[in-house]
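Letters A, B, ... mirror the listed sequences (proteins, then strands); counts begin at 1.
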There are 2 protein chains.
Amino acid sequence: MAKHDIGFAAVARLAGVSNATVSNTLNRPEIVAPATRERVLAAIEELDFVPNRAAATLRQGTNRLIGLVIPDIANPFYSAIARGVTEAAAEHGYTVALCVSHDDPDLELRHFEMLAEHRAAGALVAPLTADASRLAQLRRVGSRLVLMDRTAPEGTGCSVAIDDVHGGELAVAHLLATRRHGGDGTPQPSGHVVHDVPRTAKRAATPGPGIVLVNGDVAIPQCADRREGARNAFIAAGLDPDDLREVTVDEMTVDAGRIAGRRIAARTPRPTGVFCTNDQLALGVIRGLNDGGLAVPDEVSVVGYGDLALAADGRVPLTTVEQPKDELGRVAVEILLAELGADRAAHEHVTRTLEPHLVVRESAPLPA
Amino acid sequence: MAKHDIGFAAVARLAGVSNATVSNTLNRPEIVAPATRERVLAAIEELDFVPNRAAATLRQGTNRLIGLVIPDIANPFYSAIARGVTEAAAEHGYTVALCVSHDDPDLELRHFEMLAEHRAAGALVAPLTADASRLAQLRRVGSRLVLMDRTAPEGTGCSVAIDDVHGGELAVAHLLATRRHGGDGTPQPSGHVVHDVPRTAKRAATPGPGIVLVNGDVAIPQCADRREGARNAFIAAGLDPDDLREVTVDEMTVDAGRIAGRRIAARTPRPTGVFCTNDQLALGVIRGLNDGGLAVPDEVSVVGYGDLALAADGRVPLTTVEQPKDELGRVAVEILLAELGADRAAHEHVTRTLEPHLVVRESAPLPA
């Protein structure tokens, strides 16, 4: 304990500088002459001095602490975000306070009160179902706030999100480009890529492209966005988006996917591809299609969403849409630090959107 | 900002009590008369007062902040521990500072210095390869420290670990109890459980029980412990532990497991069961056995270790050893808080060991 009680004054005395110079060396080293800085750092080393953040906080108002408020740390989507956040924060000398909310508004508010007590510099929040009033309340209690995986309403704050509309479009464009069978189950010549067929010929040849969307409740913004992207891919290919067949599940789990897969396998005409809006559903759908006698990818292609560890490691490695989760965390930290550095009156809120990309594996391969 | 600057004095004035009573109401409410407590809480509410942890820290020496130092937050083993830690900490009014070390001693030390600067009350550390001198250094820099997933050497500190020897024993005892084929590949009568056969008869009938261990480097304590448990299961069944066949892999991945599985499938006599010391290896081994023409579980049973999400969600759901990861995190917090509450001189270090248990699924089912 004793060594922590060594103060600025002792360091200043040993280095032969003022207390203010010691403070500047630690907090704004760029304004201190290199030779002086060296002397101060040598004194700090000799005295084994640890700057007292609690005292600094009282002087400056906030601590070098960032709150990370997420619904669940054991969910791989959020733990990957947390990895990006902790890395970026450490690079800037900030510590991350991990606050798990279970998407419970009371618990979330309690975390914010604790962050305020610790004089946290700001917080990064990934709300699952938060409504506007709840976010406004958090903003009142907390200090600066950056929303993650959600776009902040115009003018209310900074945010960083992933373009899930584009992600859905990537998935279905891939299924359209690589299908090897017509919607009626008739094999097409090998290597024949349907999107190369003139539009009118294609529309006449098949009743629809035989693509099925397996999705959760569209009240969840991510589900609505991925569906919109899937429909956009149809439009871009000159197809009627209402020809996209849809199966909605109550829970986005492997078990629900398996039941959906069995149902899809029983349909006529046989589907050529299935887009599932998360990886768990896709793993289940593959099993359900197999139960119904359809082989993946030989007879039906399947694309997932999220690129979780289980996507690559399953029996049939999944083609899926990878979200830049680490980057989301890193960018959120950078936006927050920029806001902290800016004059509060002059600060303009930032909305950043990150692009997902397609990872092609066995469940929906590229054409041979 | 202004509301945070309301002090104890204003609350005390409004409630008509001393500053000390306000402090006691917040920190030791049990010693304040209920009626007085109510008055203080009403004043706090009216003034929208947030206790200033920075000021409290200067008075008390430490903050209600606990460091969680782990090698990787995106690894599901550590993110499950983090879930247990954050829940238990929140219940006790503590905030968790998440410090990801990537098992880099320099980074780990930097995190400890930051925790010291924040006057953290203590830290929970899961070292991957830390040697004794490195831990001693962390103890010098940090405040109180509890080791996780590692037993602290006698008298050096508190720790909480999982009994991996017992876990290995559970896995192999299950394979011994449920195998349906002799080591020579001859099917035994259905429902015939080998461990019911008198020892002498069993030893005479087969050259060995046909069980293979697929393991990482035994320089990793967890790998050594799981192997020791596997051998103990042989001894408990009256078998020679040297009859346990072993395959060592460089990396504990799905790909390495698949190569190991192919090699095992080519062996004579055909194995009856394979114990893999993590779930990734087990998923790979199943694929490798399939590549070699062996069906799981019809011809060979496979048991994993860890019970990750991918264990349940694979094509053949894995029988595996579940580690109480959430509980590990919770117990670590409780041990730390008990140490904080105790007189430093009177404190005796605690070593807790948690028991894993077997989760039986399709890859190694119970006998019919």
Side-chain angles (χ1 to χ4, degrees), chain A residues 1 4 50-58 61 63-65 67-68 72-76 78-80 82-83 85-87 90 93-100 102 107 110-111 113-120 141 143 254 280 283-284 286-287 290 308-310 312-316 325-326, chain B residues 1 4 50-58 61 63-65 67-68 72-76 78-80 82-83 85-87 90 93-100 102 107 110-111 113-120 141 143 254 280 283-284 286-287 290 308-310 312-316 325-326:
Chain A
M1 213 57 203
H4 294 162
V50 177
N52 185 340
R53 288 280 173 221
T57 298
L58 281 182
N63 230 318
R64 290 176 83 82
L65 187 71
L68 170 63
D72 179 10
I73 186 62
N75 176 320
Y78 295 112
S79 62
R83 179 165 59 186
V85 166
T86 51
E87 284 181 2
Y94 277 77
T95 297
V96 174
L98 175 62
C99 306
V100 177
H102 301 290
L107 193 53
R110 193 134 43 89
H111 279 306
E113 287 168 348
M114 281 167 64
L115 290 172
E117 291 178 21
H118 285 297
R119 293 285 192 269
V141 177
S143 25
V254 174
Q280 288 89 340
L283 290 179
I286 291 175
R287 293 169 73 178
N290 292 165
L308 305 183
L310 49 84
D313 290 344
R315 176 81 187 276
V316 181
K325 301 174 275 284
D326 278 68
Chain B
M1 215 58 202
H4 294 163
V50 177
N52 185 339
R53 289 278 173 221
T57 299
L58 281 182
N63 231 319
R64 289 176 83 83
L65 187 71
L68 170 64
D72 179 10
I73 185 63
N75 175 319
Y78 296 113
S79 61
R83 179 166 57 186
V85 166
T86 51
E87 285 182 1
Y94 277 77
T95 297
V96 174
L98 176 62
C99 306
V100 177
H102 300 291
L107 193 53
R110 194 135 41 90
H111 278 306
E113 288 168 348
M114 281 167 61
L115 290 173
E117 290 178 22
H118 284 297
R119 294 285 192 268
V141 177
S143 25
V254 174
Q280 289 89 339
L283 290 179
I286 291 174
R287 292 168 72 178
N290 292 164
L308 306 182
L310 50 82
D313 290 345
R315 177 81 188 277
V316 180
K325 301 175 275 285
D326 277 70

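- Contact count versus chain B (heavy atoms, under 4.5 Å) is highest, among P76(A), S79(A), A97(A), for S79(A).
- In this structure, chain B has no heavy atom under 4.5 Å from any part of N75(A).
- For the pair E87(B)/H102(A), a side-chain contact is recorded, criterion being any heavy-atom separation below 4.5 Å from C-beta on.
- Heavy-atom pairs under 4.5 Å with chain A peak, among L65(B), N290(B), L107(B), at N290(B).
- In this structure, D72(A) has no side chain to side chain donor-acceptor pair (under 3.5 Å) partners at least two apart in sequence or on a different chain.
- Under the side chain to side chain donor-acceptor pair (under 3.5 Å) criterion, T95(B) pairs with H118(A), sequence neighbours left out.
- Across every non-hydrogen atom of A90(A) and H111(B), the tightest pair is CB-CE1, 4.3 Å.
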